[in-house]
Novice: 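My structure is below; once you've seen it, I'll send some questions.
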Protein chains: 2
Amino acid sequence: MNFKGKRQPVTIPRAAKTLRRTRIQEEKEEQILEAALDVFSASGFRGSTIDQIAEVAGMSKPNLLYYFRTKEAMHRALIDRVLYTWLEPLRAFDAEGNPEEEIRSYIRRKLEMARDFPRESRLFANEVLQGAPHIEDELKGPLKELVDEKAEVIRAWTKSGKIAKCDPYHLIFSIWSTTQHYADFDVQVRAVLGQEHSGEGRFEDAARFLEQLFIGGLRPDRSES
Amino acid sequence: MNFKGKRQPVTIPRAAKTLRRTRIQEEKEEQILEAALDVFSASGFRGSTIDQIAEVAGMSKPNLLYYFRTKEAMHRALIDRVLYTWLEPLRAFDAEGNPEEEIRSYIRRKLEMARDFPRESRLFANEVLQGAPHIEDELKGPLKELVDEKAEVIRAWTKSGKIAKCDPYHLIFSIWSTTQHYADFDVQVRAVLGQEHSGEGRFEDAARFLEQLFIGGLRPDRSES
DNA sequence: TGTAATGTTTACCAATCGGTCAAATTATCC
DNA sequence: GGATAATTTGACCGATTGGTAAACATTACA
């Protein structure tokens, strides 16, 4: 009551007094981010509206804005929450493991994520495709560092002859693009395969092909001059 | 003067009297589509505004709408114009050619398109990513037919043992995704590679890697049980 | 050169956008 | 149960959206 002015929404004080966090807050923010994921992943940031998100979340627009003060804040919260999870498979890439097996399981994992979390994949795809205006820092920071680290691992493998000599960065790009394709371009994949091949077997087929491609393509057998 | 009502914009009569088509029409429509490509490819359909396009095109909004009556009409005209060109590389896939060489040059061509026409790539990527609401018919029609045809060619190659046994559809998907990645996710690629590797050599590196990957991965050498 | 067709612009519209406000409602805690 | 803080809502705001109307300017062509 010190100031007659506006009471601050909860998401701001949260930083100040970290202790208090209502059950309702927990639930509603969850609800909102879930809806936001639906909408942002389907239309991109600019193409999405707060009203859409509110409708999907089943609450009024001002109510949304009570928890997240702006559309940007929603998007940011979503990105932050999803990014860590999204990089998990790459983080699991183990320098000590068997190269062939590591690559194989990385492909598997990425493909599973494309199957099980297509909205998350599309969220990033939309963002990056449109110039990554909101996640540039994440790309140049944490992402680059992680990739640099893993590229070094791969380079070591190539040097010791465990896999064919190749550019580790482009290898990683290729695994990303081929696997995420099944989430991001799902409509196209379905359209081309037709109904007959659009069942769940689709992902098994893709996994088999990609393993064959990458394992075969990286086999150190012959000298690739 | 027969009707006092609105004069029809040119793009409609065009269908009726195909003969007349002004020099100005030619130029302005070109100008508009060029600007529209800029904007749509950067923000997707829903995220783009007519005002943006008008500004890029250097003309007033009503003037744009004189040539294309709606935002949708612009988008459609753009899609129609670009689609044929975009499928050209796949169309060039030759059943009679040497499999290894055909695949190699298909990769090259797709990669060149990603480098030289990134906006076109992103235009489609945006559209497909957001559920292809405007090009569903094209995907299920012309695209599917072309892919079916070329998949048959590849299948013949695998059966005759010229390349390793593999799913032709997923092979095509993989070539699409890996090559278009360099256009669609350009920002990410740059961010990860850093400035030092973001020069023109980038595409040469990518080409080398992808050829190695696909040629190696499809070599029929050993029996892939 | 005149005039009809074509092209361009200013002013405007209703709908929707992101976001605010104050009042009303509900949960929390003593 | 009452005070207090947290939550929710309807009404609203200025800016922007896609698109229109009609006056005005230019071009093509006889």
Side-chain angles (χ1 to χ4, degrees), chain A residues 1-14 16-17 19-32 35-36 39-40 43-77 134, chain B residues 1-14 16-32 35-36 39-40 43-76 134:
Chain A
M1 274 298 203
N2 293 336
F3 305 98
K4 53 184 163 187
K6 29 173 152 184
R7 215 185 302 110
Q8 287 293 348
V10 184
T11 35
I12 293 311
R14 198 204 320 174
K17 38 173 178 175
L19 297 179
R20 306 259 181 168
R21 200 124 179 285
T22 326
R23 166 185 53 88
I24 293 185
Q25 266 174 56
E26 215 80 66
E27 288 175 10
K28 289 293 161 104
E29 287 180 10
E30 185 62 35
Q31 226 179 97
I32 293 171
V39 175
F40 281 136
S43 307
F45 182 77
R46 298 206 44 193
S48 303
T49 70
I50 301 184
D51 295 86
Q52 284 176 59
I53 299 174
E55 199 191 327
V56 173
M59 43 205 298
S60 70
K61 179 167 64 170
N63 203 7
L64 275 204
L65 291 164
Y66 174 71
Y67 291 100
F68 298 93
R69 285 192 310 175
T70 63
K71 190 175 142 185
E72 294 237 1
M74 274 177 237
H75 192 256
R76 165 126 307 269
H134 305 95
Chain B
M1 275 293 202
N2 293 337
F3 306 97
K4 53 184 164 187
K6 29 172 153 184
R7 216 187 300 112
Q8 287 293 348
V10 183
T11 34
I12 293 311
R14 201 208 313 178
K17 38 174 178 175
T18 331
L19 296 180
R20 306 260 180 167
R21 196 121 182 287
T22 328
R23 166 187 55 89
I24 292 185
Q25 266 174 58
E26 213 82 65
E27 287 176 9
K28 290 292 162 108
E29 287 180 11
E30 185 62 35
Q31 225 178 99
I32 293 170
V39 176
F40 282 136
S43 308
F45 182 77
R46 298 208 43 196
S48 303
T49 70
I50 302 184
D51 296 84
Q52 285 176 57
I53 299 174
E55 199 191 326
V56 173
M59 42 204 299
S60 70
K61 178 167 66 171
N63 202 6
L64 275 203
L65 291 164
Y66 173 72
Y67 292 100
F68 298 93
R69 284 191 312 172
T70 63
K71 191 175 140 184
E72 293 237 359
M74 273 176 239
H75 192 256
R76 165 126 307 271
H134 306 95

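These figures come from a predicted structure and were not determined experimentally.
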Novice: Mind listing the closest non-hydrogen atom pair of B/Gly44 and B/Ser48 along with its distance?
Specialist: O-OG, 2.5 Å

Novice: Is the phosphate of C/dT8, meaning OP1 or OP2, less than 4.0 Å from a side-chain N or O of B/Lys28?
Specialist: yes

Novice: Between atom CZ in A/Phe68 and atom P in C/dG18, what is the gap in whole Å?
Specialist: 16 Å

Novice: Taking 4.0 Å as the cut-off, does a side-chain nitrogen or oxygen of B/Asn63 come that near to OP1 or OP2 on C/dT9?
Specialist: yes

Novice: Using whole Å, what does the distance between atom P of nucleotide D/dT26 and atom CE of B/Met59 come to?
Specialist: 16 Å

Novice: Can you name the atoms? Protein N/O to nucleotides 10-15 of chain D N/O, anything below 3.5 Å, with the distance.
Specialist:
none

Novice: Just the rounded figure in Å: distance from C1' of C/dT9 to CG of B/Leu64.
Specialist: 13 Å

Novice: Grab the NZ-C1' distance between A/Lys71 and D/dT16 for me, whole Å please.
Specialist: 12 Å

Novice: So which nucleotide from D/dG18, D/dT8, C/dT9 ends up closest to the side chain of A/Tyr66?
Specialist: D/dT8

Novice: Round to the nearest Å and state the distance from A/Glu27 atom CD to C/dA27 atom P.
Specialist: 11 Å

Novice: According to side chain to side chain contact (heavy atoms under 4.5 Å, CB included), who are the partners of B/Glu72, at least two apart in sequence or on a separate chain?
Specialist: B/Phe45, B/Thr70, B/His134

Novice: Can you list everything that forms a side chain to side chain donor-acceptor pair (under 3.5 Å) with B/Glu30? Sequence neighbours excluded, please.
Specialist: B/Arg81

Novice: What closest approach, in Å, do B/Ser43 and A/Arg46 show between heavy atoms, and which atom pair accounts for it?
Specialist: OG-NH1, 4.0 Å

Novice: Can you tell me if A/Gln25 touches the phosphate of D/dT7, counting only side-chain N or O atoms and a distance under 4.0 Å to OP1 or OP2?
Specialist: yes

Novice: Whole angstrom is fine here: how far is it from CG in B/Leu65 over to P in D/dA21?
Specialist: 12 Å

Novice: B/Gln31 has an atom CD; how far is it from atom P of C/dG7, in whole Å?
Specialist: 13 Å

Novice: Kindly compute the distance separating CE (A/Met74) from CD1 (A/Ile50), expressed to the nearest 0.5 Å.
Specialist: 5.0 Å

Novice: Measure across B/Ile32 and B/Leu64 and return the closest heavy-atom pair with its distance rounded to 0.1 Å.
Specialist: CG1-CD2, 3.2 Å

Novice: Name all residues meeting the side chain to side chain donor-acceptor pair (under 3.5 Å) criterion together with B/Thr49; count only those two or more places apart in sequence or in a different chain, and write none if there are none.
Specialist: B/Gln52

Novice: Return the residues of residues 44-54 of chain B meeting this criterion: a heavy atom under 4.0 Å from some atom of DNA chain C. Order them by number, or give none.
Specialist: none

Novice: Holding to side chain to side chain contact (heavy atoms under 4.5 Å, CB included), I want the full list of residues that pass it with B/Asn63, two or more places apart in sequence or in another chain.
Specialist: B/Met59, B/Ser60, B/Tyr66, B/Tyr67

Novice: Measure the distance from CZ on A/Arg69 to P on C/dT20 and round it to the nearest whole Å.
Specialist: 8 Å

Novice: Mind listing the closest non-hydrogen atom pair of A/Ala77 and A/Phe68 along with its distance?
Specialist: CB-CE2, 3.7 Å

